[in-house]
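Keep in mind it's a predicted model, so treat the numbers as computed, not measured. Note that ligands are numbered from 1 as they come in the structure, with each ligand's atoms numbered from 1 the same way. Atom set for the values below is all heavy atoms of this structure, side chains included, hydrogens, waters and symmetry mates excluded.
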Amino acid sequence: MFKYEDYENSAEFIRERMKGLKPKIAIILGSGLGVLSEEIKDKIVIKYSEIPNFPISTVAGHAGELIIGKIGEKTIIAMNGRFHFYEGYDLKEVTFPIRVFKLLGVETLILTNAAGGINVEYKPGDFMVVNDYLSFFTESVLRGKNLDEFGERFIDMSETFNKELTQKLKKIIDKHTGRAQEGVYAYMKGPTYETPAEIRALRVLGANAVGMSTVPEAIIAHHCNINTVAVACITNMAAGVLDEKLSHEEVKNTAEKVKYTFKEIIKDFIEEI
Ligand code: HPA
């Protein structure tokens, strides 16, 4: 798959376009959070299709661009549009940008996503900081030859998500909504939503929410020592929790309803770290 030089070539291309800017914070804007890109000042926009080795977004309506600029005093680099395994990319492609961010000097990664609520106390529209994950059903994103330049072969995963940052983010969510959730995110491959039996099993295993992203990126970030924090927007109750069918419409509608709150939470968080 990719060699170290492939990541370097992409980083070099972006570095030249960034004109001396040095973002220390990267953010992946999940479903519905594209609005944050409107808040980024003094923007430099680079389409994924221009960047050597970058995967290209296949989903209609996915923006597919990097945005470098300012939120408050902080220079950030944002991925507007992410890659998913269910689209057909392999996991090395899904996570390619994270290692490029590392080479650009990024120290903190904020991952956002839409997820289904497994914990019956949750409600659609809640935000859950992710304190751990379950990922049993796909190959590891680190499978294959280890790139020692990024990290070791065998890595400890007892703190994938930085505890201090996670608690900071939780406080900010609480300030904005009065109902911050914290829990375990179960990663499923998609594109099917889960079956009710899978959700019951995941609940027994300790999952609070379920989604189709975030974990591959978090593992790669942790491997190369980027501080990572993740927040899930609970867009729906997971399959079988309620006596109704799941739909992408519902996911989109909830994400749409809470997007301005989500944006304010992330803005505050970026200003605080
Ligand atoms: N399952 C998996 N992914 C999701 C869900 C869900 O219920 N909601 C939003 N993304």
Side-chain angles (χ1 to χ4, degrees), residues 27-36 57-63 79-89 91 94-95 110-138 141 161 173 177 179-219 230-259 261-263 265-266:
I27 176 161
I28 299 189
L29 305 175
S31 318
L33 198 59
V35 285
L36 189 82
S57 207
T58 59
V59 183
H62 273 212
M79 276 184 79
N80 195 15
R82 67 140 59 85
F83 306 104
H84 302 87
F85 184 71
Y86 63 73
E87 293 174 75
Y89 302 109
L91 291 172
V94 167
T95 56
I110 306 168
L111 295 166
T112 67
N113 62 61
I118 294 179
N119 185 325
V120 296
E121 305 286 315
Y122 292 2
K123 285 197 230 149
D126 280 355
F127 295 100
M128 182 191 92
V129 290
V130 179
N131 62 15
D132 208 347
Y133 70 80
L134 291 175
S135 172
F136 294 130
F137 308 114
T138 51
V141 58
F161 302 99
I173 294 170
T177 67
R179 0 183 336 117
Q181 311 291 3
E182 172 176 351
V184 173
Y185 175 97
Y187 171 65
M188 298 292 276
K189 293 190 287 249
T192 52
Y193 290 117
E194 300 68 36
T195 64
E198 285 169 336
I199 294 303
R200 285 194 300 274
L202 289 172
R203 184 178 300 113
V204 170
L205 295 172
N208 300 102
V210 58
M212 305 174 193
S213 67
T214 298
V215 169
E217 294 103 321
I219 294 173
V231 55
C233 172
I234 306 297
T235 49
N236 57 286
M237 295 316 289
V241 175
L242 306 174
D243 191 19
E244 57 189 48
K245 289 188 176 171
L246 267 61
S247 72
H248 185 51
E249 278 305 301
E250 182 190 4
V251 170
K252 280 195 299 195
N253 287 343
T254 309
E256 182 68 25
K257 261 189 221 150
V258 299
K259 67 182 184 184
T261 311
F262 206 179
K263 180 179 81 175
I265 289 167
I266 298 295

State whether Arg82 and Glu217 are salt-bridged, where the test is any N-O pair (Lys NZ or Arg NE/NH1/NH2 against Asp/Glu carboxylate O) under 4.0 Å.
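Yes.
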Tyr185: which of Asp132, Leu111, Val130 passes side chain to side chain contact (heavy atoms under 4.5 Å, CB included):
Val130
Heavy atoms under 4.0 Å from ligand 1: which residues qualify?
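Residues near ligand 1: Ala114, Ala115, Gly116, Tyr193, Glu194, Val210, Gly211, Met212, Thr235, Asn236, Leu246, Val251.
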Take the angle between the ring planes of Phe161 and Tyr133 and call it parallel below 30°, perpendicular above 60°, tilted in between.
perpendicular
Under 3.5 Å, is there a donor on one side chain and an acceptor on the other for Asn131 and Glu182?
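Yes, a side-chain donor-acceptor pair sits under 3.5 Å.
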Looking at Thr254 and Pro124, would you say the former's side chain and the latter's main chain have a donor-acceptor pair under 3.5 Å?
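Such a contact is absent between Thr254 side chain and Pro124 backbone.
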Heavy-atom side-chain proximity of Thr195 to Arg200 below 4.5 angstrom:
no
